[in-house]
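A short worksheet on the structure shown next.
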Amino acid sequence: MSKKILVAVAWPYVNGDIHLGHLAGYLLPADIFARYQRLCGNDVLMVSGSDCHGTPITVEADKKRLSPAEVVEEYHQKDLELFKAIKLDYNLYTKTTTENHKRVVQEIFLDLLKAGYIVKDTMQQYYSAEDQAFLPDRYVEGTCPHCQAKEQRSDQCESCGRWLKDGELINPYSKLTKNKVALKATEHYFLDLASLVPQLQKFVSESKGRWRDWVYKETDGWLKEGLQKRAITRDMDWAIDLPIDEIMKLEPEKQLKDFQGKKIYVWFEAVVGYLSAPQEWVTLDAAKSGIIWKKNPGQSDKWQNWWLNPESEHYYFMGQDNLVFHTLMWPAQLIGSGRGYILPHNVFVNKFMNYDGKKFSKSRNWTIDSMKMVKKYGVDATRYYIAANLPENKEGNFTWEGFVAAVNNELVANLGNFVNRTLKFFEVNFYGELIAENTARLPEIKIESSKAFTESGELIEKGSFVAALEVIMRYAAFANKYFNDQQIWTVIKKDRKQAEKIMFDLLNIIYDLAIIICPFLPESATRIATMLGICENLEEIDRNHWQSETLQQFKLQQPVEILIQKLDAKVVLQEKED
RNA sequence: CGCGGGGUGGAGCAGUGGCAGCUCGUCAGGCUCAUAACCUGAAGGUCAGUAGUUCGAAUCUACUCCCCGCAACCA
């Protein structure tokens, strides 16, 4: 039965490079999950894109003396290249600056406004008369009223540690232009989360047991604390317009007094991408260049099959900073729209991945260039180490020592070596060709193989990717043991028939492995398939079940080559110097 | 007392009431088909601390100590 699965990957913010933390947090897990679901035969739609609006973009643009659109384009292109290099298999990777996205955002805004879930309120914001602009708190500095320290942020004094209330800061000024700022009343739209609490409570309690326990608890904690209304408009330029014409057709109490400079707040709008991207996807075709676009064979071309189909399941992937936006805010938006959109089935939130014990930080130059890493050490080596250390329940830690050890001692020594020793033996002693007479696999191997598929599949479905990878590696270890115990190198000298039987099982284990590692290590999977002539590109293989298949004949298509290169510790540890 | 997470052999983790497990590393032995890879065996933990509940606690309760995330327009 083919299920419609939406793999909704958080939209990376394009004011900086994507680093390993992003990959570990949500990008790689989403890809593993999507690849797995496709191999199961499900109709998977994996979408995401660049999150392009908001103050941090304009700040970065000012810094680089570029327009916001240019900054967005620069990082968007870089991200696309990285995703291709590390083999993230999106159906669509777009941007929040498209007309389509704007249309869908405005549509859901109007739905919520009409339904009464969007309300108006007035708040105090720092305003610079000279710049004619409102400023976010973090761009306002001044003197602390408690300890008189200068150059303190308007929200907290780092000198005495005290929190400051609006208006307490003495002589506030703009950090950007140094111009004077003052509090000024400004009217905004707010999402009235409080009035959606009953529906949210129902949604969250139904998700208990399915979501990771800590994700449920954290969300439940927010609900218990009580949800406040949350501003969904800002005074700024680089954002999506309000549908003012449509709003003016509504009753006056739904209209702002002054729409001048009011735009949609980025948090409200970026998540709508999950809904807008599938709508964009169905209108595109393969000829479109400059974006990642892909349609799988036999895939539905109706976005409604994912969004309005009660049988469809939606899986979200994000870092922990995004948790409530996906467990509460976005569901609130979907429920409030009243259109019957499908709510998240599971929300796979990861903690952060540290680098040598410290948070990745662009400003402190504490980061790893993922692109360089992939090019230098290979996609699968990189993917393996990240996947084996995903911060699913607690923070993870990236170290170069760990990278070398994991790749050399686990990936190369176990999986890589098994494939290599088997194929080499096949090449030398069987001239790379085998047609099995007896087509049954050894029962003990069938059991192990089936266990590996079943267990890893169950773990992937509930988001335990680290554990799933462990199951897979244990199957590879079993394979090594089998090779060892059978002593095929001795048997072949006395009993060729028996050696053929052993080789038949060994080769089928390799076929199993190619399939089962594909979600994690797509490049290696394809190389195995190519060497053995199973298919051209294993990533495109048409399967509809996560189980073992038995092939009757094998023929090497090319000389056997090393599957995964061993890393040179000396070279890798050099990275620490940079 | 803001919300939430974590502290388990050298490293990274699993384990929510019943003899403490996994991967890697270490040590010893075996094999030689293989990328000095593979296989077997061993050593190594008073499960942060204290008090309690229980026939029985890493697992439940209370308190203490340490680390971390969110709480601020960093979406």
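Below, chains carry the letters A, B, ... as their sequence lines are ordered, and counting in each starts from 1. Because only heavy atoms are used, hydrogens play no part in the values below, and waters and symmetry mates are left out as well, while side chains stay in.
Atom-to-atom, CG of A/Asp485 to P of B/A34 comes out at 18 Å; the value is rounded to the nearest Å. The CG-P distance, from A/Asn420 to B/A37, rounds to 14 Å in whole Å. For A/Ile488 and B/C38, the CD1 to P distance is 19 Å, given to the nearest whole Å. Nucleotide B/U40 holds its P atom 14 Å from the CD atom of A/Gln486, rounded to whole Å. Atom CG of A/Leu328 and atom C1' of B/A71 are 14 Å apart (whole Å). Between the CD atom of A/Gln565 and the P atom of B/U35 there is a distance of 11 Å, given to the nearest Å.
The side chain of A/Lys481 places an N or O atom within less than 4.0 Å of a non-bridging phosphate oxygen (OP1 or OP2) of B/U40.
Side chains of A/His326 and A/Tyr274: a donor-acceptor N/O pair is present below 3.5 angstrom, by distance only.
Salt-bridge annotation for A/Glu60 and A/Lys63: present, with a side-chain N of the basic residue lying under 4.0 Å from a carboxylate O of the acidic one. Salt bridge present: A/Glu561 and A/Arg527 bring a charged side-chain N and a carboxylate O closer than 4.0 Å.
Checking each of A/Val9, A/Val347, A/Leu323 against A/Met318 for a side-chain contact (heavy atoms from CB on, under 4.5 Å) leaves exactly one that passes, namely A/Val347. Screening A/Trp222, A/Trp267, A/Tyr265 for a ring-ring contact (aromatic ring centres under 6.0 Å, His included) with A/Phe325, the sole residue that qualifies is A/Trp267.
Stacking of A/Phe483 onto the six-membered ring of B/C33 is present: less than 5.5 angstrom between centres, less than 30° between planes.
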- Task: Mark up nucleotides 22-31 of chain B, 5' to 3', with B wherever a protein heavy atom is under 4.0 angstrom from a base atom, S wherever such an atom reaches only the sugar-phosphate, and - elsewhere.
- Result: SSSS-----S
